[in-house]
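Take this structure, written in structure tokens, and hold onto it; I'll ask about it next.
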Number of protein chains: 2
Amino acid sequence: MAESAEIVESEESCAALRSILSRVGEKWAPVVMTELVTEPRRFNELRRRLAPITQRMLTATLRGLESDGLITRTVHPTVPPQVEYGLTDAGRELLAILSGVARWTDRHLDAIHTARQASRGR
Amino acid sequence: MAESAEIVESEESCAALRSILSRVGEKWAPVVMTELVTEPRRFNELRRRLAPITQRMLTATLRGLESDGLITRTVHPTVPPQVEYGLTDAGRELLAILSGVARWTDRHLDAIHTARQASRGR
DNA sequence: CGGCATCCCTTATGATACTG
DNA sequence: CAGTATCATAAGGGATGCCG
């Protein structure tokens, strides 16, 4: 506990952290969350905005994010059906943290490219 | 740019962000980085501390982190060979951000579990 | 000591077609 | 509109054995 660099406090935290990191590490998860940051959106609206995502992957990504409590899925019982997806407060908080990763990435773009060049050289 | 919630600034940033998120989303990447936070460590030292990780996955994880410039690999030309792995400054910064994700995870453990229960029920 | 090569299973992603 | 079903490929991950 005295170790400031300590990331994980318990077994459960560690497992949860890993699952969340792999969740947001999924190919479409970050952009889907970003699409929902200003307002809730409907399935085909997301599909259009995130083209060339496939229906299958959009569904899978949404289900995954929902199962971790990062987004909500609201079905309006109309004809035709209308489904809205929106960020939860938790999801919004996490997205803010991810924007920190984005800033880190921008700061280190050069270092990342350099490291990749070097590793390709071997 | 005026949009404070905007995560990504360019195509390149977006691709880099995705690759970094999927990198740290790999099964062993976060714990490997955590092991290196206090001091550099050698291959079998990591292997012991991270048991039951396999040699294959430890190698793959280290290579991946190295190729993104998050850790360094230093070979001391001794007999037997001695290889030390250490965090780069960039890696250390990223780890600090990830600890923010860890704190988020701890704050939302209940919400995560609740959401998962609900999604299992369907 | 610090790997790499091989086999094998699971999961992620994509393409396409069909449906309540 | 908002999906599901099916098929196919690739990448992640584990077990085991060999090597400079």
Side-chain angles (χ1 to χ4, degrees), chain A residues 14-15 17-33 35-36 40-68 70-86 116 119-120 122, chain B residues 14-15 18-33 35-36 40-68 71-86 116 119-120 122:
Chain A
C14 184
L17 173 61
R18 264 218 326 110
S19 69
I20 290 297
L21 284 178
S22 59
R23 177 71 66 201
V24 298
E26 287 174 1
K27 179 167 181 177
W28 298 99
V31 279
V32 165
M33 290 181 70
E35 281 300 321
L36 301 179
R41 296 194 187 277
R42 295 172 59 180
F43 186 86
N44 278 330
E45 194 181 356
L46 287 171
R47 183 156 148 62
R48 281 188 299 271
R49 297 176 63 97
L50 297 177
I53 192 175
T54 61
Q55 281 185 334
R56 185 176 127 58
M57 286 317 297
L58 180 53
T59 302
T61 304
L62 291 168
R63 293 286 184 277
L65 293 173
E66 185 193 2
S67 82
D68 278 350
L70 300 175
I71 67 174
T72 57
R73 177 175 182 272
T74 310
V75 181
H76 298 96
T78 59
V79 178
Q82 182 167 336
V83 183
E84 275 200 337
Y85 294 91
R116 287 184 182 167
S119 70
R120 262 197 296 275
R122 292 177 316 124
Chain B
C14 184
R18 263 219 323 111
S19 70
I20 290 297
L21 284 178
S22 60
R23 175 73 64 206
V24 299
E26 286 174 0
K27 179 167 181 177
W28 297 99
V31 279
V32 165
M33 292 182 69
E35 280 301 320
L36 301 178
R41 297 193 187 280
R42 296 173 57 181
F43 186 88
N44 278 329
E45 193 182 356
L46 287 171
R47 183 155 148 64
R48 281 188 298 271
R49 298 175 63 95
L50 296 177
I53 193 175
T54 62
Q55 280 187 334
R56 182 172 130 57
M57 285 319 297
L58 180 54
T59 301
T61 303
L62 290 169
R63 293 289 183 276
L65 294 173
E66 185 193 2
S67 81
D68 278 351
I71 67 174
T72 57
R73 176 173 183 274
T74 311
V75 181
H76 298 98
T78 59
V79 179
Q82 183 168 335
V83 183
E84 273 197 339
Y85 295 91
R116 287 184 181 166
S119 69
R120 263 198 295 276
R122 293 178 316 128

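Just so we're clear, the structure is a prediction, and the values are computed from it rather than from any experiment. Lettering follows sequence order; numbering is per chain, from 1.
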Next item on the list: Please tell me if the side chains of A/Leu21 and B/Leu21 come closer than 4.5 Å, counting only heavy atoms from C-beta onward.
Entry: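 No, side chains not in contact.
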Notebook entry, point to check: Is A/Arg48 salt-bridged to A/Glu45, cutoff N-O under 4.0 Å?
Noted result: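 Answer for the salt bridge query: no.
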Note to self: Of the options C/dA17, D/dC1, C/dG14, whose atoms approach the side-chain atoms of A/Gln55 most closely?
What the structure shows: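 For the A/Gln55 side chain, the nearest candidate turns out to be C/dA17.
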Check: Can a side chain N or O of B/Tyr85 be found less than 4.0 Å away from OP1 or OP2 on C/dG3?
Finding: yes
Notebook entry, point to check: Hey, which of these two, A/Phe43 or A/Arg18, hits DNA chain D nearer its 5' end, going by closest nucleotide?
Noted result: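 Going by which nucleotide is closer to the 5' end, it is A/Phe43.
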Notebook entry, point to check: Between B/Arg47 and C/dG3, is there a side-chain N or O to OP1/OP2 distance below 4.0 Å?
Noted result: no
Notebook entry, point to check: What is the distance, rounded to the nearest whole Å, between atom CD1 of A/Ile53 and atom P of C/dA12?
Noted result: 15 Å
Item checked: Pairing residues for A/Glu66 by the salt bridge (charged side-chain N to carboxylate O under 4.0 Å, His left out) criterion, not counting sequence neighbours ->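 Listed in chain order: nothing, the list is empty.
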Margin query: Tell me whether the side-chain N/O atoms of B/Arg73 come closer than 4.0 Å to OP1 or OP2 in C/dG2.
Written below: no
Next item on the list: Ignoring the backbone of A/Gln82, work out which of D/dA2, C/dG14, D/dG20 is nearest its side chain.
Entry: D/dA2
Note to self: Considering every strand and a 4.0 Å limit on heavy-atom distances, what is the contact class for B/Arg56: base, sugar-phosphate, or nothing?
What the structure shows: base
Checklist line | Basic-acidic side-chain contact under 4.0 Å: A/Glu84, A/Arg41 | finding: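 No, this pair does not count.
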